[in-house]
Engineer: 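Before I ask anything, let me first share the structure, which is written out below as structure tokens.
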Amino acid sequence: MALMVLKFGGTSVADSQRIRHICSLIARAYDGGNQVVVVLSAQGHTTDRLMDQALELNPNPSGRELDMLLTTGEQISISLAALCMEHMGYEAVSLTGWQAGIRTTDDYTQAQIQSVSPAAIKKELARGRIVFVAGFQGVDAWGNLTTLGRGGSDTTAVALAAALRADVCQIYTDVDGVYTADPRKDPTATKLEEISYEAMLDMAQHGAQVLHDRCVILARRHNIPIEVRSSFHDVPGTWVRNLVAQEHAS
Ligand code: ASP
Ligand code: MG
């Protein structure tokens, strides 16, 4: 039995049909005899829309209130997915960042994860439940909700994989993996089978939207291999991992 952390991005949970589809992927992982923790992003464009609404009312919003608002997007996704899973006959539970034990600094809209206490998640897994966790969020020392910066759900997934000592960390998105260039803009881009943390970080910091840069830093620190793959096409993705150690080992 493996412990799997699966993360799905905004396009993968965009509507009810997509949620049903990812629930079938999650069911497959669970039916394989695995413990499954699922991190979700807000449904496509939700975070942008919330941000626009906030700025319409206050062009100079405080970070605390902005984070209170932005964290709702992921909460919608996890509860909808848990409801869908229930209907498919599976036991599922959804947890917000703070319920999942994710503590952060109080740098609102750009908070850093300080610690993860995965006791609640472990308890639910031990009950045989599929656990959905809201990505991109945590709680500071004063109990205020925080967010981890745009794209931060990837970081939530890797932080949980590290804290739970997960066997597998898969990040599902709307492309088949990591490409040499953005496949949506450059038709000559080719998919990589694997890429080092360093090269991935370089891409992330130069604007590639595939993975959040802090997620890659965290994965490198804890040596967690990540598979970036599509939730639309059932094909192997790209492994982001420590290629140096592999070369030395062989
Ligand atoms: N919903 C947040 C964003 O749009 C976090 C994420 O999707 O990872 O930036
Ligand atoms: Mg993303």
Side-chain angles (χ1 to χ4, degrees), residues 5-15 18-19 22 37-55 61 63 65-81 94-98 100 102 104 107-113 116 132-139 145-161 169-179 182-185 195 197 200-219 226-232 237-238 240:
V5 174
L6 316 181
K7 182 260 170 180
F8 295 90
T11 49
S12 301
V13 293
D15 54 32
R18 294 305 309 162
I19 291 177
I22 66 141
V37 176
V38 184
V39 174
L40 298 182
S41 286
Q43 293 182 282
H45 306 300
T46 300
T47 310
D48 288 334
R49 214 167 36 233
L50 290 171
M51 188 74 96
D52 289 347
Q53 273 183 286
L55 295 177
E65 294 313 318
L66 211 46
D67 279 357
M68 183 65 113
L69 180 68
L70 296 185
T71 50
T72 61
E74 273 67 16
Q75 202 172 319
I76 292 172
S77 298
I78 55 168
S79 48
L80 286 176
S94 60
L95 301 174
T96 62
W98 69 266
I102 299 171
T104 73
D107 306 301
Y108 302 113
T109 74
Q110 283 294 340
Q112 305 235 25
I113 295 178
V116 179
F132 289 92
V133 179
F136 172 60
Q137 59 175 261
V139 65
L145 302 186
T146 57
T147 65
L148 308 178
R150 298 303 304 271
S153 295
D154 296 337
T155 302
T156 304
V158 172
L160 290 181
C169 182
Q170 292 176 321
I171 295 196
Y172 285 81
T173 178
D174 53 5
V175 289
D176 290 351
V178 181
Y179 281 70
D182 188 338
R184 285 169 290 209
K185 291 182 194 142
I195 182 171
Y197 294 124
M200 188 68 242
L201 194 55
D202 207 50
M203 283 176 82
Q205 287 170 344
H206 285 89
Q209 303 269 313
V210 192
L211 287 180
H212 195 224
D213 56 353
R214 283 211 199 128
C215 142
V216 184
I217 293 169
L218 205 57
I226 305 169
E227 188 189 5
V228 179
R229 56 183 291 153
S230 169
S231 72
F232 292 76
T238 300
V240 183

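Counting starts at 1 for both ligands and their atoms, in listed order. We use all heavy atoms of the structure for the numbers below, so side chains are in, but hydrogens, waters and symmetry mates are not.
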Engineer: Evaluate D154 for polar contact with ligand 1, using N/O atom pairs at a separation under 3.5 Å.
Structural biologist: no
Engineer: Is H212 touching ligand 1 with its side chain, its backbone, both, or neither, if touching means heavy atoms under 4.0 Å apart?
Structural biologist: neither
Engineer: Would you check if E74 and L40 make a side-chain contact, meaning some heavy-atom pair closer than 4.5 Å?
Structural biologist: no
Engineer: For ligand 1, find out whether one of its N or O atoms is nearer than 3.5 Å to an N or O atom of R150.
Structural biologist: yes
Engineer: What residue among D202, I195, L211 forms side-chain contact (heavy atoms from CB on, under 4.5 Å) with V216?
Structural biologist: L211
Engineer: Judged by non-hydrogen atoms, does G9 sit under 4.0 Å from ligand 1?
Structural biologist: no
Engineer: Please indicate whether any nitrogen or oxygen in F136 is less than 3.5 Å from any nitrogen or oxygen in ligand 1.
Structural biologist: no
Engineer: I'd like to check V240 versus Y197 (side-chain heavy atoms, cut-off strictly below 4.5 Å). Are they in contact?
Structural biologist: yes
Engineer: With atoms numbered from 1 as shown, which atoms in ligand 1 lie under 4.0 angstrom from a non-hydrogen atom of G151?
Structural biologist: 3 (C), 5 (C), 6 (C), 8 (O), 9 (O)
Engineer: Looking only at protein heavy atoms, which one is nearest to atom 7 (O) of ligand 1, and what is the separation?
Structural biologist: S41 OG, 3.0 Å
Engineer: Please say whether the positively charged group of R18, taken as NZ for Lys or CZ for Arg, lies over the ring of F232, i.e. under 6.0 angstrom from the six-membered ring centre and within 45 degrees of the axis.
Structural biologist: yes
Engineer: Are the charged groups of D154 and K7 less than 4.0 angstrom apart, N to O?
Structural biologist: yes
Engineer: Would you mind checking if R150 and D48 are paired as a salt bridge, meaning a charged N to carboxylate O distance below 4.0 Å?
Structural biologist: yes
Engineer: Would you indicate whether Q209, at its atom CD, is surrounded by more than 12 heavy atoms from other residues, nucleotides or ligands within a distance under 6.0 Å?
Structural biologist: no
Engineer: Among H45, Q209, E74, which one has a heavy atom closest to atom 2 (C) of ligand 1?
Structural biologist: E74
Engineer: Heavy atom of G152 under 4.0 Å from ligand 1?
Structural biologist: yes
